[in-house]
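Heads up: the structure comes next, in structure tokens.
Chain A is the first sequence line, chain B the second, and so forth, proteins listed ahead of strands; every chain is numbered from 1. Note that the structure is predicted; figures quoted are calculated from it, not measured.
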Protein chains: 2
Amino acid sequence: MKAKKQHGHPEAILQAAGIRPTRQRTALAALLFDGCDKHMTAEQIHAAVRKTKARVALATVYNTLHQFTAAGLLHEVMIDSNRVYFDTNIGNHHHFFDEATGELHDIPADNIHIARLPKTPPGRKLDRVDVIIRLRAAAR
Amino acid sequence: MKAKKQHGHPEAILQAAGIRPTRQRTALAALLFDGCDKHMTAEQIHAAVRKTKARVALATVYNTLHQFTAAGLLHEVMIDSNRVYFDTNIGNHHHFFDEATGELHDIPADNIHIARLPKTPPGRKLDRVDVIIRLRAAAR
DNA sequence: GCTTCATTTTAGAATTATTCTAAATTATGT
DNA sequence: ACATAATTTAGAATAATTCTAAAATGAAGC
Ligand SMILES: [Mn+2]
Ligand SMILES: [Mn+2]
Ligand SMILES: [Zn+2]
Ligand SMILES: [Zn+2]
């Protein structure tokens with residue numbers, strides 16, 4: 001009754017993405033695509049799936065997250081040199097990064113205006129523009 | 001005859017930053033603060049200093065880079081989940097990241113206009129805004 | 001120049017996120 | 001059911017970084 005965004009059965013999402021819905025992939029999809037935006041590390045996702053009845057090896061968590069990313073179901077966010085966050089919000093948006101807690105929060109794309117973007121160097125194409133607003137604990 | 005930006009003797013730079021100019025710190029400062037903007041990883045800096053007569057342990061490279069960063073002589077740039085880049089350009093600017101080569105290139109701050117920045121959450125203060133333009137090899 | 005004490009450097013071990021390997025399991029097509 | 005391909009798995013391997021505890025160096029006082 002509170003879920004944000006559309007979300008179908010995990011199996012249907014995987015089918016639509018051309019990924020075979022195995023037991024472990026379905027368990028991970030159910031966890032990730034519940035309609036709420038999430039930013040989680042592989043370890044966090046592994047811990048979360050462990051709390052359900054499903055058993056999924058850490059290597060499978062990594063494999064699956066990379067497959068989901070390749071299929072466009074997730075985005076990788078690299079912000080902290082020693083963790084990758086997997087973002088279930090695949091729309092155009094930016095991030096607050098709270099350095100105190102390591103948490104990421106979304107900023108809708110239209111909350112930030114970027115103008116006069118320099119043109120991309122020759123032989124390259126623009127992949128994406130990431131804006132990261134880094135936050136620290138306030139002075140007092 | 002071609003050096004960009006001001007740069008004094010490495011020892012003077014360290015003195016001014018309140019860092020004791022030891023042999024290894026001076027060697028690293030000489031390498032980094034030659035007036036040209038650089039984006040290098042610890043391993044790259046270690047390799048570069050090895051080519052000079054100076055002998056510096058990798059642990060010392062890491063220690064020193066962190067000290068330089070704490071003193072405001074360098075900025076850390078986290079873009080690639082498995083390397084930290086140390087940036088000698090400490091002014092306000094942004095980056096192109098070439099995913100093909102792993103190279104970083106500066107974008108002057110006034111080449112990008114950011115408007116309507118959302119206000120920082122309570123209890124937090126804005127540390128910095130990083131804009132990363134990710135590039136890939138062009139289609140053909 | 002020596003002695004002393006604090007600071008710095010060092011080699012190597014440890015840590016941690018992630019990837020790899022090769023074998024075991026599971027799913028699919030017949 | 002059988003054969004075959006895809007997936008999963010445990011554990012080993014890798015790689016960036018940090019830690020440890022010992023050795024070297026630097027500053028200060030004599
Ligand atoms: Mn998080
Ligand atoms: Mn790593
Ligand atoms: Zn997000
Ligand atoms: Zn830069």
Side-chain angles (χ1 to χ4, degrees), chain A residues 10-11 14-15 17-31 39-50 52-71 73-87 97 99 102 104, chain B residues 10-11 14-15 17-31 39-50 52-71 73-87 97 99 102 104:
Chain A
E11 308 208 348
L14 297 182
Q15 293 281 13
I19 294 172
R20 283 221 305 223
T22 63
R23 267 192 284 101
Q24 15 301 37
R25 298 207 271 227
T26 302
L28 290 167
L31 222 136
H39 303 98
M40 298 177 77
T41 66
E43 290 280 2
Q44 287 172 339
I45 293 163
H46 186 228
V49 81
R50 259 169 176 284
T52 75
K53 55 208 157 230
R55 269 311 101 131
V56 186
L58 182 58
T60 304
V61 172
Y62 276 101
N63 289 342
T64 303
L65 292 172
H66 290 146
Q67 288 156 190
F68 286 5
T69 301
L73 298 175
L74 292 175
H75 271 334
E76 292 185 15
V77 183
M78 289 169 210
I79 272 187
D80 186 342
S81 73
N82 57 332
R83 346 139 96 51
V84 172
Y85 292 83
F86 291 88
D87 190 346
F97 179 61
E99 292 176 349
L104 269 182
Chain B
E11 308 208 348
L14 298 182
Q15 294 281 13
I19 295 172
R20 279 220 309 222
T22 62
R23 268 192 283 101
Q24 13 303 54
R25 299 208 271 227
T26 303
L28 289 167
L31 223 135
H39 303 97
M40 299 177 77
T41 67
E43 290 281 1
Q44 287 171 339
I45 293 162
H46 186 229
V49 80
R50 259 170 176 283
T52 72
K53 55 207 157 229
R55 269 310 102 136
V56 185
L58 181 57
T60 304
V61 173
Y62 276 101
N63 290 342
T64 303
L65 292 173
H66 290 147
Q67 287 157 190
F68 287 5
T69 301
L73 298 174
L74 291 175
H75 271 335
E76 292 184 15
V77 183
M78 290 171 211
I79 271 187
D80 185 342
S81 74
N82 55 333
R83 355 144 81 58
V84 172
Y85 291 82
F86 291 89
D87 190 344
F97 179 60
E99 291 175 350
L104 268 182

Only counting residues at least two apart or in another chain, list the ones meeting side-chain contact (heavy atoms from CB on, under 4.5 Å) with [X].
X     : answer
A:A47 : none
B:T22 : B:Q24, B:R25
B:R23 : none

Original post:
Would you call the rings of B:F97 and B:Y85 parallel, tilted or perpendicular if under 30° counts as parallel and over 60° as perpendicular?
Top reply: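 Plane angle over 60°, so perpendicular.
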Could you write out each protein N or O paired with an N or O of nucleotides 7-13 of chain C at a distance under 3.5 Å?
residue	atom	partner	partner atom	Å
C:dT8	OP1	B:R25	NH2	2.6
C:dT9	OP1	B:T22	OG1	2.4
C:dT9	O3'	B:Q24	NE2	2.6
C:dT10	OP1	B:R55	O	3.2
C:dT10	OP2	B:A57	N	2.9
C:dT10	OP2	B:T60	OG1	2.7

Could you tell me the separation between the [atom1] atom of [X] and the [atom2] atom of [N], rounded to a whole number of Å?
X     : N      : atom1 : atom2 : answer
B:E11 : D:dG26 : CD    : P     : 11 Å
A:D80 : C:dT16 : CG    : C1'   : 12 Å
A:L14 : D:dT7  : CG    : P     : 12 Å
B:Q15 : D:dG26 : CD    : P     : 14 Å
A:R83 : C:dT16 : CZ    : P     : 11 Å
A:E76 : C:dT18 : CD    : P     : 9 Å
B:N82 : D:dT18 : CG    : P     : 14 Å
A:M78 : C:dT18 : CE    : C1'   : 12 Å

**OP:** Select base, sugar-phosphate, or nothing to describe what A:H46 touches, counting heavy atoms under 4.0 Å on all strands.
**Re:**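 No contact at all - A:H46 keeps every heavy atom at 4.0 Å or more from the nucleic acid.
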**OP:** Could you check B:R55 against B:R50 for side chain to side chain contact (heavy atoms under 4.5 Å, CB included), going step by step and ending with a plain yes or no?
**Re:** CA-CA 6 Å; B:R55 269 310 102 136; B:R50 259 170 176 283; 4.3 Å; yes
Original post:
Between A:H66 and C:dT18, does any side-chain N or O lie under 4.0 Å from OP1 or OP2?
Top reply: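 Negative; the distance criterion is not met.
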Original post:
Has B:Y62 got a side-chain N or O lying under 4.0 Å from the OP1 or OP2 atom of D:dT17?
Top reply: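 Yes, within the criterion.
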Original post:
ring-ring contact (aromatic ring centres under 6.0 Å, His included) with A:F68: which residues, sequence neighbours excluded?
Top reply: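 Once residues adjacent in sequence are excluded, the partners of A:F68 under the ring-ring contact (aromatic ring centres under 6.0 Å, His included) criterion are A:F33.
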Original post:
Among all residues two or more places apart in sequence or in another chain, which pass the salt bridge (Lys or Arg N to Asp or Glu O under 4.0 Å) test with A:E99?
Top reply: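 Expected list: A:R134, A:R136.
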